[in-house]
Amino acid sequence: MTLHLSIMLWLPVAFAVLALVAPPRFAGRLALLGAALVLGYAVTYLVDFDSGSGVLQYVTDETWIAELGISYKLGLDGLNLLLVALTAILFFSCILWASLRQWDRPRLFYFHFLVAETAVLGALLAQDLALFVVFFDLMLVPFFFLTGMWGGARRVQATMKLVIYTLVGSLLMLTAAVATGVLAAAGPPELSFAFSDLAERPLAESSQNWIFLFFAAAFLVKMPAFPLHGWMPDGYRAMPLPVLAVFSGVLSKVAAYGFLRVCLPLFPDASDHFQTLLLLIAVASILYGSAMAFTTTEARLILGYSSVAQLGFITLGVFALNAQGAQGALLQSFNHGLVVAPALFIVALLAARASGSEDIRDMGGLGMRAPILATMFLIVAFATLALPGSANFAAEFYILLGVFTDHMVIAIVASTGVILAAIYALRLFITTMHNRTGARVESRELSLRDGLVLVPLVLAIIAIALYPQFALERSESTVAPPPTAAAELLPGGTPFAPLEETP
Amino acid sequence: MIATAETIEAPHVDWAGLSPLIAVFLGAIVVLLLGLSRSRSARETAVPLLSIATLAIAIGLSVGRWGERTDLIAGALRLDELTLILTILFCVAGIATVLLSWRHVAPRELAHGEYYALLLSSIAGMIVLVAAQNLVAVFVGLELLSIPLYVLCAAEMRRASSLESGLKYLVIGSVGSATVLYGLAFIYGATGSTDFGRIAEVLAGGDVASDVLLLTGVALTIAGMAFKASVAPFHQWTPDVYEGAPTPITAFMAVATKAAAFGVVLRLFDVALIDAALDWGPALAVLAAITIVVGNVGALGQSSLKRLLAYSSVAQAGYMLAGVVVATRLGLQATIFYIAVYLVMNLAAFAVIVARERETPLGDDISSLNGIGATRPALAWSMTISMLALAGFPATAGFIGKFYLIEAAVAGAYTWLAVFIVVGSMISLAYYLKVIAAIWMQPAEDDGTVVATEPVPLADGGETPLLAGGAEEATSARGQGELVGVAVVFAALTVILGIVPSPLLDVVRDAGAALGLL
């Protein structure tokens, strides 16, 4: 097995084409094979990765379009390693889930699904700003088709809303990215969009500010964060479930990752300038998301709004602008992806047992004859609410610690989000699994087919809860230089103490 | 006697340099004569084949001249990479148009020979226009390009909307030509020369740049060219004319006429008037911004694909104008690149429209595409790729084109115009995605669309709405391989250029270098 990142990146597309031309009944199996190979690669990278070095590894650097200064540069470091692993895990689980079910026009379905995997991996692996933008925008295309063709009620309207909303941000980002490259090159050096080159050519603060805002708009819409989440309810309702699981689990993390990869190192002055604004948006997302999550009764939307809140935490960690915050944010991104996907699968299983309704008022008493399912759900719920001992707890602890040093009030307000999470997660669990059995509810145990998808994911949650250092030590050496390097440029920025052992 | 004979000696003509132009003219004459033949197969098969051969020869001759930079006919025309690349583009568009017209009703009504001869003459006019480096040659080229198109728009003589389209285009086009001519006269008056090089020298030399005469001339020329390139607020004719004209001619006008108009704008503004850039730059920038907004907003409510693409072409003209505005070599290259890409993207879309016009009685309504994702995958994918590219999604040529334009705008200190480009793209998503949604996410309509393999039954009675190339022309799907071919080839090119744009970028860089800008 050669450890060439391009192979992992383009494997899904290769299998997508195979799935498109193969006989329909093999499409699912081919897709699964492709996703499994990617997962294999990702696991190999996790093991083989040198945690101590703190530099880019497995770098591929080719000129793509010389005239435009765009290079095809890929690399892995502590920032994206975990997210690449998460992407591989979730796409595999979701394709497994999908391939155990029947789909209309299966070849096209798996084609778009695998193209989506390549696009997400590309956005995570790209070490060139233009390449990042290419993949970031490309991510949307397969989801447009997946939602519009296989979605639920009002799918076409929902998918248009989703694409237009999120692409508004992405297109602004395109301008901002081009401007970053062009303005940075105003001098002898050749035009280049590689992150490493751009980091050496800081922009004037006035340009940094508007460019930062354009990038922030793209990332905040994608997350979604509080005032920009308008597409979320419709989009969540319309997406077919395996698609929603990857969308919610992975795509939102790419946005958070974008902040860490692009905004903080390239626009340090602007990141400092707008720190308070972003922290306030994060706190607003936490409070709004939590409040909506314990008032709505649609199970999917509870998870949707809880994602808004969780991503608020991640944003909070990113804009703590220190190593603890960044590490917490990365760990939380990984955890949230790992938790939200099984949670969505469980919602689908519950809906199947409640005559198809996803309203939690129709779901009472589902745990009666399904102890294994209930246990799974309980573990997922505990992870969501960041019970001490879960990896989410460690992550949120890090995030709040990072924010506490400089912005105590914000940290205190944000920490109420932890309590609110307990409320909505337990409400979801209790109203569905306990309570009086609903009129149209038929309680039955997890089938083998569903267990095949759920059990490994839940085991992964437990594993990362028991041993969060596995994730932390891989991100540590990278996180310490870039965000701190950014912070060192700040006026009055304090150097950070070396990270202590995990609490 | 001998002395006078020497003084009126004809200018030296570089026949080799003129060869592409000559080939197209000769082809037009031969095609016209062959069209008089009494044999039906000669008219219906040999004529289009000969037209394609003519254009292919012209492409070959242009490629052979690559790298030459000379003046032709006493400096009236200029042979350089800009002329050559645009010539090649016109010929490619011409070949595609011939293929789209192959079984169309329009050539039959114009007795084949005339139709294709007019098409070739129009292409010859375009070549003259983009090669012109003399105000008089500009006007000759402009008229030679326009007059055949007036006739071609009205080619379907039995369809009122086609005649209306031809008449409208004639009236508006004449106003545009007259405005250009008036403007050119003013420029001549201000600078004392019709030659581009001489005009540039005069402008560089003195304080003519703020001369009222010159400014009036430039303003009128901009307005006239804006008519031709359908730049807002001179674009109102575009949707009506595009909708009424025979669809292959619409495709030709959308891509080739626009390329020609931008070709001459590039040479006129970036060579002759480059030293007055401070005068026309901001004016063009405002026009570009207005065009982007007007085009994109106008397209939103359209249900006719041809009208939709008409408004989209207005918006795209605004994007291209952004490259002219900055008056740098980067801008020039970005504009040429976008012209090429725009041609490729649009031809794929128009091929699909022509195909669906024949297969369904719905004409060019968006609903004619409903559900073709399942029934006609080749057409569906082509249209999807074309729409994604026009909207500027990555992995298509449209993305690279926009990237290049934005880069040029930002580097030329017109960042606000770059923001307009992306704001326009955002608005455009709403209508491009609507087309894609119709293809993949709507069920095929029972009352109109027919299954691909059956011939279309004519709508009962004479009530059929007279849509361009509508139900009367309905043929079976099997009988239009050439349309599917055009659609697939150009869609594939769209993707290839989106992933490997470097060859085209190299060509464009040569063309940019030819004009000698910084």
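Lettering of chains follows the sequences in order, A, B, ..., and the numbering in each one begins at 1.
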**Request:** Side chain from CB out, backbone as N, CA, C, O: work out which of these in B/Leu388 comes under 4.5 Å of a heavy atom of chain A, or both, or neither.
**Result:** side chain
**Complete:** Here the gap from B/Ile336 atom CD1 to B/Leu82 atom CG, rounded to the nearest 0.5 Å, amounts to 5.0 Å
**Selection from B/Leu429, B/Leu433, B/Val410 maximising heavy-atom pairs under 4.5 Å formed with chain A** = B/Leu433
**Request:** Look up atom CG in B/Leu332 and atom CG in B/Leu515, then write down how far apart they are to the nearest 0.5 Å.
**Result:** 5.0 Å
**Request:** Find the distance between CG (A/Leu146) and CG (A/Leu244) and round it off to the nearest 0.5 Å.
**Result:** 11.5 Å
Kindly provide each donor-acceptor pair between chain A and chain B shorter than 3.5 Å, listing atom names and distance.
from: A/Trp64; atom 1: NE1; to: B/Ile499; atom 2: O; distance (Å): 2.7
from: A/Arg105; atom 1: NH2; to: B/Trp440; atom 2: O; distance (Å): 3.4

**Item:** Ring center gap for A/Phe215 and A/Phe267 short of 6.0 angstrom
**Value:** yes
**Item:** Top contributor to chain B contacts, counting heavy-atom pairs under 4.5 Å, from A/Leu140, A/Ile164, A/Val133
**Value:** A/Ile164
**Message:** side chain to side chain contact (heavy atoms under 4.5 Å, CB included) for A/Leu108 and A/Phe145? Distances and angles first, verdict last.
**Reply:** CA-CA 9 Å; A/Leu108 275 175; A/Phe145 286 105; over 6 Å; no
**Message:** If I compare all heavy atoms of A/Pro242 with all of A/Phe113, which pair ends up nearest, and what's the gap?
**Reply:** O-CZ, 3.8 Å
**Separation of B/Ile339 CD1 from B/Leu86 CG (nearest 0.5 Å)** = 6.0 Å
**Item:** Qualifying residues under side chain to side chain contact (heavy atoms under 4.5 Å, CB included), relative to B/Ala492, sequence neighbours excluded
**Value:** none
**Item:** Proximity breakdown for A/Phe135 and chain B, heavy-atom pairs closer than 4.5 Å
**Value:** neither
**Request:** Identify which of A/Phe214, A/Phe136, A/Phe193 forms the greatest number of heavy-atom pairs closer than 4.5 Å to chain B.
**Result:** A/Phe193
